[in-house]
Structure formats: C-alpha cells, structure tokens
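My questions will all concern the structure given below.
Below, chain A is the first sequence line, B the second, and so on; all start at residue 1.
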Protein chains: 2
Amino acid sequence: MGATKTEHFTDKQNSIATMAKALGHPARIAIVEYLIKMNECICGDIVNELPLAQPTVSQHLKELKNAGLIKGSIEGNSICYCIDEKTIEKLQNYFAAISKKLEKRNTCC
Amino acid sequence: MGATKTEHFTDKQNSIATMAKALGHPARIAIVEYLIKMNECICGDIVNELPLAQPTVSQHLKELKNAGLIKGSIEGNSICYCIDEKTIEKLQNYFAAISKKLEKRNTCC
DNA sequence: TATGTTTATCGTAATATTGCAATATTAAAC
DNA sequence: GTTTAATATTGCAATATTACGATAAACATA
C-alpha cells in the first residue's frame with residue numbers, strides 16, 4: 001500500500017504526528033522562525049524570504065495552516081500570517097511532559 | 001525536482017526538521033511513547049505493540065534511529081531500544097524557546 | 001476598464017514514504 | 001550442526017511530498 005494507517009492509532013498520536021510532520025521540512029521551520037522573529041503578523045513578504053518559488057512557498061504555507069500551526073487572514077491585497085500560539089503550545093507541552101517523564105526514569109543503556 | 005532543497009537552509013533548521021519529520025508519523029509517536037511508558041529499555045517486544053507488520057516496524061525503528069531519537073543496542077538474541085534523551089531534549093528546548101518568544105510578542109491578529 | 005501586485009490553484013515531473021511478503025541474517029537453544 | 005527466535009534487508013506496489021511553470025483569482029490603483 002503506501003498510505004499511513006492512521007485508524008490504528010489514537011487521536012492524540014495522530015494529532016501530534018500531524019503537527020510534527022508539518023514541521024518536518026526546513027522551509028516550514030524557516031517560515032515559522034521568520035514569523036516569530038518578526039515579532040508580529042506578516043502581511044506579504046514571506047515569499048521573498050525563502051529560496052523557493054512562489055507556488056512552492058504557497059504550498060508550504062497551506063500545509064502549516066492545515067496543521068493549525070499558522071493562521072492567515074486577508075488584509076486587503078495581501079495576506080496576513082501569524083503563528084497559532086495554541087498549537088505551538090500543544091507541542092511544547094507534549095515535549096515538556098516527555099522530558100519530565102524521562103528525568104525520573106530508571107537509568108539503563 | 002521533488003527532493004527537499006536542504007542546502008538552502010541552515011544546519012539548525014535542517015536538524016530540527018529532521019527530528020520533527022521522524023516524529024511525523026503516528027507509528028513512530030507510538031513507539032516513542034511506548035519506550036517512555038515502559039520506563040526502561042525494551043528488548044524485543046516492540047513489534048507486538050504495534051498494528052503493523054514486522055518489516056514496517058523495523059523500518060520505523062530505523063528512521064527513529066537515523067534521526068537520533070532512539071538508540072538500539074544488541075542484547076543477545078534481541079535488540080534493546082532506548083529513547084535518546086539528548087535529542088528529545090533538543091526538541092524540547094527548541095519549543096520552549098519558541099514559546100518564550102511568543103509570550104512577549106506584540107499582540108496582533 | 002485596464003494594469004500591476006499578491007496569493008492560490010492546476011498540472012505534472014521527480015523523488016520520498018508507507019507497507020508488506022519474501023528472504024536474509026544473527027544468535028541463542030537444542 | 002539443526003532448529004528456533006528476533007530483527008534486518010530486499011523488492012515492489014500504492015501513495016504522498018516537493019518543486020515549479022503556467023494560469024487564475026482577488027484586489028488596489030491608475
């Protein structure tokens with residue numbers, strides 16, 4: 001086959017995987033970092049920041065949006081993009097919880 | 001075309017993306033969660049935990065290993081798998097840093 | 001209305017991922 | 001040495017992703 005068997009896993013596992021997958025490309029990491037670095041919403045200007053053609057960037061933005069990592073709202077001629085804090089927070093909480101569990105783990109290996 | 005243009009991005013961006021990508025599949029999330037839940041290294045037993053065929057699980061384990069998320073050492077007949085804390089910590093630090101930046105961000109959107 | 005700007009979508013080629021049956025490898029147990 | 005087990009590798013089909021040229025859509029402005 002070739003399609004991921006999402007139905008065999010929990011909603012939470014699928015949800016975390018979806019977010020992680022969206023960040024699993026350096027261009028999308030770069031987009032997220034740019035949005036954070038600029039410390040505000042960015043209207044336009046994202047395409048020029050990346051070494052990729054406009055349709056490719058548009059596609060990456062779409063994937064980040066589908067995964068809930070960014071939000072985009074129409075602002076006249078251009079589109080205003082923002083980090084979606086809630087989703088980033090979910091990821092952060094997830095890794096924080098994992099790290100905590102690892103701390104008090106039995107030592108081995 | 002079709003291959004990710006890693007050369008255009010920073011080492012750090014590529015590194016984070018590689019780790020995120022490795023976690024971008026629910027089976028691999030499930031493996032990591034199982035290793036953490038069991039609170040110790042697991043020798044054998046991982047294949048039976050997942051609703052996937054043995055070669056598929058083996059492949060997922062390989063990808064987690066390549067991304068540095070788990071370690072595997074030969075333990076007699078079977079193989080002993082472990083979370084690689086350092087890598088998880090890198091991810092955790094990354095998201096913690098992002099969250100911190102988002103906290104003191106200008107409000108918009 | 002015509003023109004330029006910005007972003008999205010379509011179509012498509014190249015490549016990567018997912019999943020598994022079959023087979024190989026490795027090492028313990030007999 | 002043969003059998004049994006656990007895991008890896010190979011080969012392949014189905015599907016997904018990445019990238020971009022061409023084109024469309026939406027809107028501002030001349």
Side-chain angles (χ1 to χ4, degrees), chain A residues 1-9 13-14 17-32 34-35 41-67 69-82, chain B residues 1-9 13-14 17-31 34-35 41-67 69-82 109:
Chain A
M1 325 287 146
T4 296
K5 293 189 156 181
T6 54
E7 69 276 13
H8 291 311
F9 302 97
Q13 285 167 341
N14 281 312
T18 298
M19 295 184 250
K21 192 175 182 180
L23 292 176
H25 191 291
R28 296 195 288 267
I29 291 286
I31 290 170
V32 166
Y34 181 64
L35 287 177
C41 299
I42 299 302
C43 302
D45 200 27
I46 290 186
V47 169
N48 301 321
E49 274 300 307
L50 292 176
L52 295 168
Q54 180 268 323
T56 309
V57 175
S58 186
Q59 202 173 269
H60 283 308
L61 287 166
K62 193 177 172 185
E63 272 170 73
L64 284 171
K65 216 156 92 180
N66 285 343
L69 286 159
I70 65 173
K71 293 178 285 188
S73 53
I74 296 167
E75 187 73 33
N77 200 9
S78 64
I79 293 196
C80 195
Y81 282 108
C82 252
Chain B
M1 326 286 142
T4 295
K5 293 190 157 181
T6 54
E7 68 276 15
H8 292 311
F9 302 97
Q13 284 167 343
N14 281 311
T18 298
M19 293 182 250
K21 192 176 181 179
L23 293 176
H25 191 290
R28 296 194 289 266
I29 291 285
I31 290 171
Y34 181 65
L35 287 177
C41 301
I42 300 303
C43 302
D45 200 26
I46 291 187
V47 168
N48 301 321
E49 273 301 307
L50 293 175
L52 295 168
Q54 180 269 323
T56 308
V57 174
S58 185
Q59 200 174 271
H60 283 308
L61 287 166
K62 193 178 174 185
E63 274 170 72
L64 285 171
K65 216 156 93 181
N66 286 343
L69 286 160
I70 65 173
K71 293 179 287 188
S73 54
I74 296 166
E75 187 72 35
N77 202 7
S78 64
I79 293 197
C80 195
Y81 282 109
C82 251
C109 295

Under 4.0 Å from OP1 or OP2 of dT17(C): is there any side-chain N or O of K21(B) that close?
yes
Between the CG atom in L61(A) and the OH atom in Y81(A), the distance rounded to the nearest 0.5 Å is 4.5 Å
Roughly what angle, to 10°, lies between the helix axis at the start of the helix from dT1(C)-dA30(D) to dC30(C)-dG1(D) and the one at its end, five pairs per end?
10°
E63(A) CD to dA16(D) P, in whole Å, measures 13 Å
In whole angstroms, the gap separating P of dT18(C) from CD1 of I29(B) amounts to 12 Å
Can you confirm whether L52(B) sits close enough to V47(B) that some side-chain heavy atom of one is under 4.5 Å from a side-chain heavy atom of the other?
no
Going by heavy atoms in the side chains, are K65(A) and K71(A) under 4.5 Å from each other?
no
Here the distance between atom P of dG19(C) and atom CG of L61(B), to the nearest Å, is 13 Å
Expressed in angstrom and rounded to an integer, what is the separation of L23(B) atom CG from dT18(C) atom P?
12 Å
dT15(C), dT9(D), dT18(D): which one has an atom nearest the side-chain heavy atoms of Q59(A)?
dT18(D)
Does S58(B) put a side-chain nitrogen or oxygen below 4.0 Å from OP1 or OP2 of dA8(D)?
yes
More 5' along DNA chain D: H25(A) or C43(B), using each one's nearest nucleotide?
C43(B)
What one should report as the nearest heavy-atom pair of E75(B) and C80(B) is CB-CB, 4.0 Å
Could you go step by step and tell me if H60(A) and H25(A) meet the side chain to side chain contact (heavy atoms under 4.5 Å, CB included) rule?
CA-CA 9 Å; H60(A) 283 308; H25(A) 191 291; 3.8 Å; yes
Check every strand shown and say whether L52(B) touches a base, only sugar-phosphate, or nothing at a heavy-atom separation below 4.0 Å.
sugar-phosphate
Please classify the nucleic acid contact of Q54(B) as base, sugar-phosphate, or nothing, using heavy-atom distances under 4.0 Å.
base
Might you point out which heavy atoms bring T18(B) and A67(B) nearest each other, and give the distance in Å?
O-CB, 4.1 Å
Want to settle it: does A53(B) or S78(A) sit nearer the 5' end of DNA chain C, counting the closest nucleotide to each?
S78(A)
How many whole angstroms separate atom CG of L50(B) from atom C1' of dG19(C)?
13 Å
From CD of E75(B) over to P of dA8(D), roughly how many Å is that when rounded to an integer?
14 Å
With nearest nucleotides of DNA chain D determined for N77(A) and P51(A) from heavy-atom distances, which residue corresponds to the more 5′ nucleotide?
P51(A)
Roughly, in whole Å, what's the span from CZ in F9(A) to C1' in dT18(C)?
11 Å
Distance from L50(A) atom CG to Y34(A) atom OH, nearest 0.5 Å?
9.0 Å
Expressed as a whole number of angstroms, how long is the span from L64(B):CG to dA8(D):C1'?
16 Å
When you measure from the side-chain N and O atoms of T56(A) to the phosphate of dC20(D), is any distance below 4.0 Å, counting only OP1 and OP2?
yes
Please determine whether a side-chain nitrogen or oxygen atom of H60(A) lies at a distance below 4.0 Å from atom OP1 or OP2 of dT17(D).
no
Give a yes/no answer on whether the side chain of K5(A) brings an N or O atom under 4.0 Å of OP1 or OP2 in dC20(C).
yes
State, with a plain yes or no, whether a side-chain heavy atom of T4(B) is found less than 4.5 Å away from one of P26(A).
yes
